2 protein chains.
Amino acid sequence: METLNAAELLAALGHESRLGIFRLLVEAGPEGIIASAIGEKLGLPAPTLSFHLAHLSRVGLIRGQKESRFIRYLAEYATMEDLIAFLTSNCCQGRACLPKTSACSNIEKRSTT
Amino acid sequence: METLNAAELLAALGHESRLGIFRLLVEAGPEGIIASAIGEKLGLPAPTLSFHLAHLSRVGLIRGQKESRFIRYLAEYATMEDLIAFLTSNCCQGRACLPKTSACSNIEKRSTT
DNA sequence: TCCATATTTCCATAATAATAAAACTATGGA
DNA sequence: TCCATAGTTTTATTATTATGGAAATATGGA
């Protein structure tokens with residue numbers, strides 16, 4: 001991952017509403033959350049929510065899948081893993097003292113209650 | 001760490017120049033880098049550099065210490081650790097499947113060559 | 001077909017952030 | 001004391017981003 005790309009991801013998360021959305025989706029796991037439910041939870045008007053969801057989608061941190069009239073959004077764990085890997089790499093002259101992330105790969109194993 | 005604070009840190013890193021500065025300092029370790037050297041390396045005019053250094057300092061990601069005429073900047077690893085801990089927490093309904101970071105605590109042990 | 005709902009797009013406005021020239025403030029050396 | 005250097009602050013300008021009302025676009029159900 002290049003610095004420019006990483007900066008884009010960080011900037012995307014560097015906004016209270018978007019970080020709130022992302023964390024909500026991370027906590028939700030593979031079930032994801034319907035857009036309108038996110039809006040209610042965070043108290044965001046529809047166009048504002050849509051704007052931020054589009055931003056997060058564009059950089060690849062979340063993904064939306066249509067379900068009849070609704071759109072279910074999911075966190076893209078892989079992107080986040082890459083970002084954390086980038087942030088923790090090259091620490092201490094390549095000795096990599098920040099932990100390499102193996103991250104949410106086990107999330108697939110969770111039940112989809 | 002609250003969401004607002006985390007968003008501030010992420011926004012600070014969400015800019016190519018500032019991310020470049022921060023990574024330079026993370027790689028440099030406890031020796032840090034003199035401000036002007038950072039500017040040369042990244043090709044930033046003095047006021048622009050100063051602006052970004054001030055931003056990173058304000059949110060606590062770096063710290064500058066005066067040395068005669070120079071200012072040596074250092075990465076604040078603890079802040080970064082907190083941020084990564086925040087990002088990897090509450091994943092998968094509190095099951096914490098992203099690794100908790102123990103991070104660059106070993107950096108203190110490095111020689112200051 | 002008509003309506004209600006979910007979501008997006010359009011648009012104008014407001015707010016914030018980035019840039020760098022010019023002027024200012026140390027600080028150490030001659 | 002004077003000069004050069006390192007860095008910051010001030011300032012103005014430009015560029016970008018955020019916000020949310022209004023209108024538009026699905027979609028499913030009556």
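Letters A, B, ... mirror the listed sequences (proteins, then strands); counts begin at 1. Predicted model, so just to flag it, every value in this text is computed and none were measured.
Rounded to a whole Å, the NE2 atom of A/H52 is 19 Å from the P atom of D/dT16. As a whole-Å value, the separation of A/I71 CD1 from D/dT25 C1' is 11 Å. Nucleotide C/dA17 holds its C1' atom 13 Å from the NE2 atom of A/H15, rounded to whole Å. Taking atom CD1 of residue B/I33 and atom C1' of nucleotide D/dG7, one finds them 16 Å apart after rounding to whole Å. We find that CD1 of B/I38 is positioned 13 Å from C1' of D/dA6, with the value rounded to whole Å. Between the CZ atom of B/F51 and the C1' atom of D/dA12 there is a distance of 14 Å, given to the nearest Å. Atom CG of A/L49 is separated from atom C1' of D/dA18 by 14 Å (rounded to the nearest Å). Rounded to an integer number of Å, the gap from B/E16 CD to C/dT19 C1' is 15 Å.
Checking A/L25, A/L74, A/I71 one by one against A/I33, the side-chain contact (heavy atoms from CB on, under 4.5 Å) holds for a single residue, A/L25.
In this structure, B/R18 and B/L61 have side chains that are not in contact, with every pair of non-hydrogen atoms separated by 4.5 Å or more. Side-chain contact between A/L13 and A/L83: present, with at least one pair of heavy atoms (C-beta onward) separated by less than 4.5 Å. Side-chain contact check for A/V26 versus A/M80: every heavy-atom pair is 4.5 Å or farther apart.
Nearest heavy atom pair, residue A/Y73 against residue A/I38, reads CB-CD1, 4.3 Å.
Between the CG atom of B/L87 and the CZ atom of A/R23 there is a distance of 7.5 Å, given to the nearest 0.5 Å. The NZ atom of B/K41 sits 13.5 Å away from atom CG of B/L49, with the distance rounded to the nearest 0.5 Å. With rounding to the nearest 0.5 angstrom, the CG atom of A/L53 is 5.0 Å from the CD1 atom of A/I62.
Distances shorter than 4.0 Å separate none of the side-chain N or O atoms of B/H55 from OP1 or OP2 on D/dT8. Using a 4.0 Å cut-off, some side-chain N or O of A/S36 falls inside it from OP1 or OP2 of C/dT7. Side-chain N/O atoms of B/S68 include none lying less than 4.0 angstrom from OP1 or OP2 on C/dT27. Within the structure, a side-chain polar atom (N or O) of A/K66 is placed less than 4.0 Å from OP1 or OP2 of D/dT27. Taking only side-chain nitrogens and oxygens, A/T48 comes nearer than 4.0 Å to OP1 or OP2 of D/dG20.
Between A/E67 and B/I34, the one whose closest nucleotide on DNA chain D sits nearer the 5' end is B/I34. Mapped onto DNA chain C by nearest heavy atom, A/L53 and A/R69 fall at different nucleotides, with A/R69 at the one closer to the 5' end.
Between C/dT7, D/dG20, D/dT8, one nucleotide has an atom nearer to the side chain of A/P47 than all others, and that is D/dG20. Closest approach to the B/F70 side chain among C/dT8, D/dA6, C/dA18 is made by D/dA6 (side chain taken as heavy atoms from C-beta onward).
Base contact: A/A46 has a heavy atom under 4.0 Å from a base atom. The residue B/R72 sits apart from the nucleic acid: no heavy atom pair falls under 4.0 Å.
Contacts between residues 7-14 of chain B and DNA chain D, defined by a heavy-atom separation under 4.0 Å, are absent.
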